[in-house]
2 protein chains.
Amino acid sequence: MKIDKSTGEILREKREEKGLLLRQVAAKLDIDTAILSKIERSERKASKEQIIKLAKILDLKEENLLIQYLSEKILYEIKDEELGSKALKVAEKKMKYIRKNKSGN
Amino acid sequence: MKIDKSTGEILREKREEKGLLLRQVAAKLDIDTAILSKIERSERKASKEQIIKLAKILDLKEENLLIQYLSEKILYEIKDEELGSKALKVAEKKMKYIRKNKSGN
DNA sequence: GATTAATTTGACTATCATTGTCAAATGAAA
DNA sequence: TTTCATTTGACAATGATAGTCAAATTAATC
């Protein structure tokens, strides 16, 4: 898992590697070119559905791309927060706790 | 840090401990009683500003309450996600990576 | 157990963020 | 210099969030 690249960078690299135009990929996603351009430059976030479609279109491993995407969403929540990394650690503990007593509450 | 309690539970416990009514605390927060009730039962999320005010009103350590609150926000993002805990781990790595090369990009 | 006070619920509204379109501007390639 | 691809920014549509209010429910008190 590349942790030094943004989702957008991954998408752009792979698209160019395959010689596809924004226009072509955007058409498959059924959105305007402008949005895909923004997604690739991290100016907008993709939706989960778009990520899944993009994995297919660009031959990227869906699971990896989703993890990448989710981790970015998480970081977005705490990006301006002093206490961000402490919160992350607590979130992990809570996660484990919830898993252990998996009753959904 | 209590990882087994929701923010709402913490708030309710402390409020009752102090013998305060929803009405009284809500007034200080300048919101309707109904919302505070919902916050305490985790039916709505508080805002960061409300959390800070609540820490003051209820004599809770602001930092702890904020960490608690942020971690809940993080978990909310991935609550229905299969890949949630993997995403969390990647988020932590990214976080460290960003910190190491702190240039803000 | 009737009355009163506190909390909860749900319908509704206002506000704000997100997701998109479109057209014009910019950049790159031919 | 013309053409095609990408970027930018203004705008509109949509959806999520945060709130009010009044009625319903629950808890406490007389």
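Side-chain atoms are counted along with the backbone in the values below, which use heavy atoms only and exclude waters and symmetry mates. Throughout, protein chains are lettered first and strands after them, A, B, ... in sequence-line order, and every chain is numbered starting at 1.
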Self-check item: A:Tyr69 backbone acceptor or donor facing A:Glu72 side chain under 3.5 Å
Solution: no
Quiz item: If you count the non-hydrogen atoms of other residues, nucleotides and ligands that lie under 6.0 Å from NZ in B:Lys86, is the total more than 12?
Solution: no
Quiz item: Cation over ring, A:Lys79 on A:Tyr76, under 6.0 Å and within 45°?
Solution: yes
Practice problem: Evaluate salt bridge (charged side-chain N to carboxylate O under 4.0 Å, His left out) for B:Glu40 paired with B:Arg15, printing each intermediate quantity in order. | Solution: CA-CA 10 Å; B:Glu40 287 188 348; B:Arg15 176 177 64 78; 2.8 Å; yes
Self-check item: Strand-adjacent residues in residues 37-55 of chain A, judged by heavy atoms under 4.0 Å from DNA chain C
Solution: A:Arg44, A:Lys45, A:Gln50
Quiz prompt | Salt bridge flag under 4.0 Å for residues A:Lys5 and A:Glu13 | solution = yes
Practice problem: Following the transitive rule for hydrophobic clusters with a side-chain heavy-atom cut-off under 4.5 Å over Ile, Leu, Val, Met, Phe, Trp and Tyr, establish whether A:Leu21 and A:Ile57 coincide in one cluster. | Solution: no
Practice problem: Considering only NZ, NE, NH1 and NH2 on the basic side and carboxylate oxygens on the acidic side, decide whether B:Lys18 and B:Asp59 come within less than 4.0 Å. | Solution: yes
Quiz item: Heavy-atom count around B:Glu82 CD within 6.0 Å, excluding the residue itself: above 12?
Solution: no
Quiz item: End-to-end bend of the helix from C:dG1-D:dC30 to C:dA30-D:dT1 (five-pair axes, 10° rounding)?
Solution: 30°
Quiz prompt | Verdict with reasoning, A:Lys48 to B:Glu81, per salt bridge (charged side-chain N to carboxylate O under 4.0 Å, His left out) | solution = CA-CA 11 Å; A:Lys48 190 181 173 188; B:Glu81 297 293 342; 3.2 Å; yes
Practice problem: Show the numbers, then the answer: is there a side chain to side chain contact (heavy atoms under 4.5 Å, CB included) between A:Leu70 and B:Leu88? | Solution: CA-CA 8 Å; A:Leu70 287 171; B:Leu88 260 182; over 6 Å; no
Self-check item: Shortest non-hydrogen contact from A:Ser71 toward B:Ala87
Solution: CB-O, 3.4 Å
Quiz item: Under 3.5 Å, is there a donor-acceptor pair between the side chain of B:Glu77 and the main chain of B:Ile74?
Solution: no
Exercise. Check every nucleotide of DNA chain C for an atom under 4.0 Å from a heavy-atom of chain A, then give the first and the last such nucleotide from 5' to 3'.
Key: C:dT19 to C:dC22
So which protein N/O to nucleotides 27-29 of chain D N/O distances come out below 3.5 Å?
none

Please table the atom pairs, donor to acceptor, closer than 3.5 Å between any side-chain atom in residues 25-39 of chain B and protein atoms at least two apart or in another chain.
unit_1	atom_1	unit_2	atom_2	d
B:Asp32	OD1	B:Ala34	N	2.9
B:Ser37	OG	B:Arg41	NE	3.3
B:Ser37	OG	B:Arg41	NH2	2.8

Quiz prompt | Separation of D:dT14 C1' from A:Ile35 CD1 (nearest whole Å) | solution = 13 Å
Practice problem: Looking only at non-hydrogen atoms, find the nearest pair between A:Glu9 and A:Asp4 and report the distance. | Solution: OE1-O, 4.1 Å
Quiz item: Should we count CD of A:Gln24 as having more than 12 external heavy atoms under 6.0 Å?
Solution: yes
Self-check item: Nucleic acid contacts of residues 18-34 of chain B, taken as heavy-atom distances under 4.0 Å to DNA chain C
Solution: B:Leu21, B:Leu22, B:Arg23, B:Ala34
